[in-house]
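First the structure, in the form of structure tokens, and then the observations on it.
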Protein chains: 2
Amino acid sequence: MNGQFQIATHVLTLLCKQPGELLSSDYVAGSMNVNPVLVRKEMRKLRACGLIESKEGKTGGYSLALPPQKITFADVYKAVKLPPALGQAKNKPNPACPVGKQIGAHLDHLADEVEAAIIKKLSTITIFDFVNQFD
Amino acid sequence: MNGQFQIATHVLTLLCKQPGELLSSDYVAGSMNVNPVLVRKEMRKLRACGLIESKEGKTGGYSLALPPQKITFADVYKAVKLPPALGQAKNKPNPACPVGKQIGAHLDHLADEVEAAIIKKLSTITIFDFVNQFD
DNA sequence: TTTATCTGTAATAAAAAATATTACAGTACA
DNA sequence: TGTACTGTAATATTTTTTATTACAGATAAA
């Protein structure tokens, strides 16, 4: 189970709904029953990609760095860096086998195509679109 | 790390390259440095979806149930049943929060769209295409 | 200037998932 | 009847994810 994308999306949704306000990791974590440190870890990734900003110290917290119309889920997906959708083999196949020798490269190519398809789909949906679905 | 899709693809590739022969789980497992029981588990899924056939007893083993031109990676992906590409949250968000109350349904919808995009892409590539890439 | 409340980060523990191993019943062929 | 497979369960090991604890550093307010 991997809820990193969900954490990132939840925070971005809250930030989008409360523009101007700085939200703390404790507040967000409470709103989603998750540990505050996990929230801060995801926020680090989002900040590294320029999607959010953070302020330290008392009255510190997180805010959007871009208008929500400019943030797509492709940006979120890339920032969060989930494991590949098709998984990843742990063991090296037998190089003496003609199939084993080559299959790694072909599987990598297939995985790349799938990641590209995911990103293409996600790039069509912004945080703004997502939040507008809420009542 | 999840190598189930890779195991299934590796076996299907070997079966495609050696048509008519029955391959044993031990043979395949040795060719990819993986445990034979894992191979048999993946084969059960592929058989449940009608992609392969198996024969018990001495001289038993696995073979394709369809011509490789008829097997797409979408079939493989559905058979193997990987965890969702966007992950899945473990904890239920706070229902008292207006965002927490609704976000699950919206995230599910997004996940469905991504799975559909993956399957659409994978449905364009057959095992036959894949194996033809090999020297 | 001191205190309170945040972020940032590391270290460690606990929980969950994937893989490996062992074991053995059942099947089919020689 | 012995051999070599599949099918499957039970268990152990390894890996990954999540939770917890701890604390340094930053910033605002008392």
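Labels below follow one simple rule: chain letters A, B, ... track the order of the sequence lines, proteins then strands, and each chain is numbered from 1.
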**Request:** Spell out, yes or no, whether B/Leu22 and B/Leu12 are grouped together once hydrophobic residues are joined by side-chain heavy atoms under 4.5 Å, including indirect joins.
**Result:**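 Not linked; separate clusters.
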**Common cluster, A/Leu86/B/Met1, ILVMFWY with side-chain heavy-atom separation under 4.5 Å** =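 As far as the 4.5 Å side-chain criterion goes, B/Met1 and A/Leu86 are not connected within one cluster.
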**Request:** Scan nucleotides 25-30 of chain C nucleotide by nucleotide, 5' to 3', and note B when protein non-hydrogen atoms come under 4.0 Å of the base, S if they reach only the sugar-phosphate, - if neither.
**Result:** -BBBB-
**Item:** Residue-level proximity of residues 85-98 of chain A to DNA chain C when a heavy atom falls under 4.0 Å
**Value:**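 Result for residues 85-98 of chain A: A/Lys90, A/Asn91, sorted by number.
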**Prompt:** Where along residues 25-35 of chain B does a heavy atom come under 4.0 Å from DNA chain C, residue by residue in number order?
**Reply:** B/Val34, B/Asn35
**Message:** Taking A/Gly100's backbone N and O only, do any of them form a donor-acceptor pair with A/Asn94's side chain (distance below 3.5 Å, no angle check)?
**Reply:** no
**Request:** Just grab all the salt bridge (Lys or Arg N to Asp or Glu O under 4.0 Å) pairs involving residues 103-132 of chain B, residues at least two apart or on different chains.
**Result:**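 Pairs touching residues 103-132 of chain B that pass the test: none.
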**Item:** Parallel, tilted or perpendicular: rings of B/Phe73 and B/Phe130 (30°, 60°)
**Value:**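 Correct class here is perpendicular.
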**Message:** Quick one, B/Gln6 with A/Lys90, criterion side-chain hydrogen bond (donor to acceptor under 3.5 Å, both in side chains). Give me CA distance, side-chain angles, the key distance, then yes/no.
**Reply:** CA-CA 10 Å; B/Gln6 285 74 14; A/Lys90 175 189 157 200; over 6 Å; no
Expressed as a whole number of angstroms, how long is the span from [X]:[atom1] to [N]:[atom2]?
{"X": "A/Met1", "N": "C/dA14", "atom1": "CE", "atom2": "C1'", "value": "16 Å"}
{"X": "A/Tyr62", "N": "C/dT5", "atom1": "OH", "atom2": "C1'", "value": "13 Å"}
{"X": "A/Leu46", "N": "C/dT7", "atom1": "CG", "atom2": "P", "value": "14 Å"}
{"X": "B/Leu38", "N": "C/dT21", "atom1": "CG", "atom2": "P", "value": "10 Å"}

**Request:** Considering only heavy atoms of chain B and a distance under 4.0 Å, specify the first and last nucleotide of DNA chain D in 5' to 3' order that meet this criterion.
**Result:**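 Contact boundaries, 5' end first: D/dT3 to D/dA19.
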Taking only distance into account, with no hydrogens and no angle test, what donor-acceptor pairs under 3.5 Å do side-chain atoms of residues 54-64 of chain B form with protein atoms, sequence neighbours excluded?
from	atom 1	to	atom 2	distance (Å)
B/Ser54	OG	B/Arg47	NH1	2.9
B/Lys55	NZ	B/Thr59	OG1	3.4

